[in-house]
Structures are given as structure tokens and as C-alpha cells.
Engineer: 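This structure is in C-alpha cells; I'll ask about it shortly.
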Amino acid sequence: MIGGLGVDKINWFDGVATLGYWLGEAHWRKGHMTEAASAALRFAFKELNLNRINVKAAVENTASNATIRKLGFVFEGVQRQNYRARATGKLHDANSYGLLKEDWNKMQEK
Ligand SMILES: CC(C)(COP(=O)(O)OP(=O)(O)OC[C@H]1O[C@@H](n2cnc3c(N)ncnc32)[C@H](O)[C@@H]1OP(=O)(O)O)[C@@H](O)C(=O)NCCC(=O)NCCS
């Protein structure tokens with residue numbers, strides 16, 4: 001096992017869920033998370049028939065923010081002091097993103 005990914009906090013009435021992931025450092029920057037998250041988004045929109053996926057990343061997490069944007073998520077604002085780092089106990093701001101099924105469908109046509 002080199003990492004994990006989940007589509008959770010599913011609200012079936014609203015059709016909304018949250019994407020989360022991590023990858024072991026030895027496996028970074030090889031396209032794994034783009035590939036895995038793309039498959040998870042396909043599953044969420046096509047099989048689960050969800051309408052919106054939320055994701056967030058600490059403002060200073062360059063890799064995660066870049067991965068999220070590469071997947072087509074739209075930046076929707078900053079959630080202040082939304083994370084507490086386990087290692088330091090310090091609070092961090094988080095960038096908040098969303099991807100709609102209609103956005104995803106358009107991306108598949110390209
Ligand atoms: C964020 C994370 C999952 C990215 O996974 P990954 O498999 O390395 O990402 P990918 O290789 O698919 O990269 C996707 C894009 O992100 C960007 N990127 C990835 N790592 C980067 C880095 N270290 N610095 C700058 N950009 C980076 C690149 O633009 C890349 O696209 P490109 O290769 O076409 O240029 C991984 O770095 C990780 O697990 N980090 C630690 C835990 C974490 O941050 N989890 C997410 C919490 S929100």
C-alpha cells in the first residue's frame with residue numbers, strides 16, 4: 001500500500017461528497033494521485049450519480065493545491081484556521097474547492 005483516497009461524507013439528498021487523499025513521500029510526483037483521483041471522480045459522478053465533490057487543502061500545501069487544480073476543481077475561497085497540524089498543533093487556513101458534475105462532463109468532452 002502506497003497511499004489512500006476516499007470519497008466520503010456523502011449527503012445523498014444534496015448529491016455532495018468530500019474527496020480526501022494522501023500518498024507516501026517515496027511515490028510523489030509520478031502522477032499517481034491524478035490517476036487515482038480521476039478514477040474516483042468518475043466513480044462518484046457516473047456510478048454514485050453525485051452532483052458535487054468538495055475538497056480542501058492547506059493554503060501552503062503546494063502539491064495538493066496543484067493536484068486539485070489539475071483535476072479541474074474550481075477555487076471557491078479560503079476557510080480561515082480550518083486545520084490544526086497534528087505535528088505542531090498550529091492552526092492553518094485551507095483553500096476550498098468544488099467540482100460539479102456539469103464541469104466534469106464538459107472536461108470529458110475535450
Ligand atoms: C498531494 C499529493 C497527494 C499529490 O500526489 P502526487 O501523486 O504526487 O501528485 P501528481 O503526481 O498526480 O501531481 C499532480 C500535479 O500536482 C503538482 N505537483 C505535485 N507535486 C508537486 C510538488 N511537490 N510541487 C509542486 N507541484 C506539485 C504538479 O503540477 C503535478 O502535475 P504535473 O506533474 O503534470 O506537473 C501528495 O503530494 C501527498 O500525499 N502529499 C502529502 C499529503 C497531502 O498533502 N495530502 C493532501 C491533504 S489535502
Side-chain angles (χ1 to χ4, degrees):
M1 181 166 169
I2 63 168
L5 177 148
V7 175
D8 66 357
K9 298 181 187 154
I10 298 176
N11 180 320
W12 292 108
F13 183 77
D14 293 331
V16 176
T18 298
L19 177 69
Y21 49 73
W22 62 272
L23 193 62
E25 194 167 349
H27 307 282
W28 289 1
R29 207 79 200 253
K30 295 177 183 167
H32 292 320
M33 198 49 73
T34 301
E35 185 181 343
S38 297
L41 291 172
R42 174 172 294 279
F43 183 76
F45 290 128
K46 299 277 282 187
E47 305 297 327
L48 301 181
N49 204 23
L50 296 174
N51 184 57
R52 178 190 160 93
I53 306 296
N54 296 319
V55 68
K56 61 192 178 193
V59 167
E60 50 275 87
N61 188 337
T62 306
S64 192
N65 281 284
T67 302
I68 289 166
R69 289 174 192 268
K70 187 174 176 182
L71 289 165
F73 280 84
V74 175
F75 174 70
E76 294 176 336
V78 176
Q79 297 176 333
R80 296 171 302 150
Q81 300 186 7
N82 191 64
Y83 275 114
R84 189 182 295 281
R86 288 187 188 278
T88 61
K90 198 177 153 207
L91 290 165
H92 294 268
D93 294 348
N95 287 334
S96 180
Y97 300 84
L99 182 66
L100 303 183
K101 184 182 215 166
E102 62 192 51
D103 302 334
W104 184 84
N105 281 335
K106 279 186 202 145
M107 284 163 46
Q108 307 314 303
E109 290 164 12
K110 288 179 188 164

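Here the structure is a predicted model, which is why all the values come from computation and not from measurement.
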Engineer: List the atom pairs, with distances to 0.1 Å, where a side-chain N or O of residues 4-11 and a protein N or O form a donor-acceptor pair under 3.5 Å, not counting sequence neighbours.
Structural biologist:
unit_1 : atom_1 : unit_2 : atom_2 : d
N11    : OD1    : F13    : N      : 3.0
N11    : OD1    : D14    : N      : 2.9
N11    : ND2    : D14    : OD2    : 3.0

Engineer: Which pairs with one or both residues in residues 49-64 pass salt bridge (Lys or Arg N to Asp or Glu O under 4.0 Å), sequence neighbours excluded?
Structural biologist: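 Matches after skipping sequence neighbours: R52-E76.
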Engineer: Locate the shortest heavy-atom distance separating R84 from G89; write the atom from each residue and the value.
Structural biologist: NH1-O, 2.8 Å
Engineer: Suppose we screen for side chain to side chain donor-acceptor pair (under 3.5 Å). Which residues come up paired with S64, at least two apart in sequence or across chains?
Structural biologist: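 Counting only residues at least two positions away or on another chain, S64 forms a side chain to side chain donor-acceptor pair (under 3.5 Å) with Y21.
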Engineer: Is any side-chain heavy atom of W12 closer than 4.5 Å to a side-chain heavy atom of L48?
Structural biologist: yes
Engineer: What distance separates H32 NE2 from I2 CD1, expressed to the nearest 0.5 Å?
Structural biologist: 4.5 Å
Engineer: Determine whether V74 and V59 fall in the same hydrophobic cluster, where Ile, Leu, Val, Met, Phe, Trp and Tyr are linked whenever their side-chain heavy atoms lie under 4.5 Å apart.
Structural biologist: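 Looking at the clustering, V59 is in a separate group from V74.
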Engineer: What is the distance from atom NZ of K90 to atom OH of Y83, rounded to the nearest 0.5 Å?
Structural biologist: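 Answer rounded to 0.5 Å: 15.0 Å.
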Engineer: Not counting sequence neighbours, list each pair that qualifies as a salt bridge (Lys or Arg N to Asp or Glu O under 4.0 Å) and has a residue in residues 21-37.
Structural biologist: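 For residues 21-37: none.
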Engineer: Check whether any side-chain N or O of R80 sits under 3.5 Å from a backbone N or O of D93 as a donor-acceptor pair, and report yes or no.
Structural biologist: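 Looks like no, no N/O pair under 3.5 Å.
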Engineer: Cluster question for you: counting only ILVMFWY and a side-chain heavy-atom cut-off of under 4.5 Å, with indirect links fine, are W22 and M33 together?
Structural biologist: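 Shared cluster, no.
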Engineer: Who passes side chain to side chain donor-acceptor pair (under 3.5 Å) against N61, sequence neighbours left out?
Structural biologist: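 Once residues adjacent in sequence are excluded, N61 has no partner under the side chain to side chain donor-acceptor pair (under 3.5 Å) criterion.
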Engineer: Is there a side-chain contact between L19 and F73, using heavy atoms and a 4.5 Å cut-off?
Structural biologist: yes
Engineer: Can you give each donor-acceptor pair under 3.5 Å made by side-chain atoms of residues 94-102, sequence neighbours left out, with the distance rounded to 0.1 Å?
Structural biologist:
unit_1 : atom_1 : unit_2 : atom_2 : d
N95    : ND2    : N65    : OD1    : 2.9
Y97    : OH     : N65    : OD1    : 2.6
Y97    : OH     : R69    : NE     : 3.4
Y97    : OH     : R69    : NH2    : 3.4
K101   : NZ     : F45    : O      : 3.3
K101   : NZ     : N49    : OD1    : 2.3

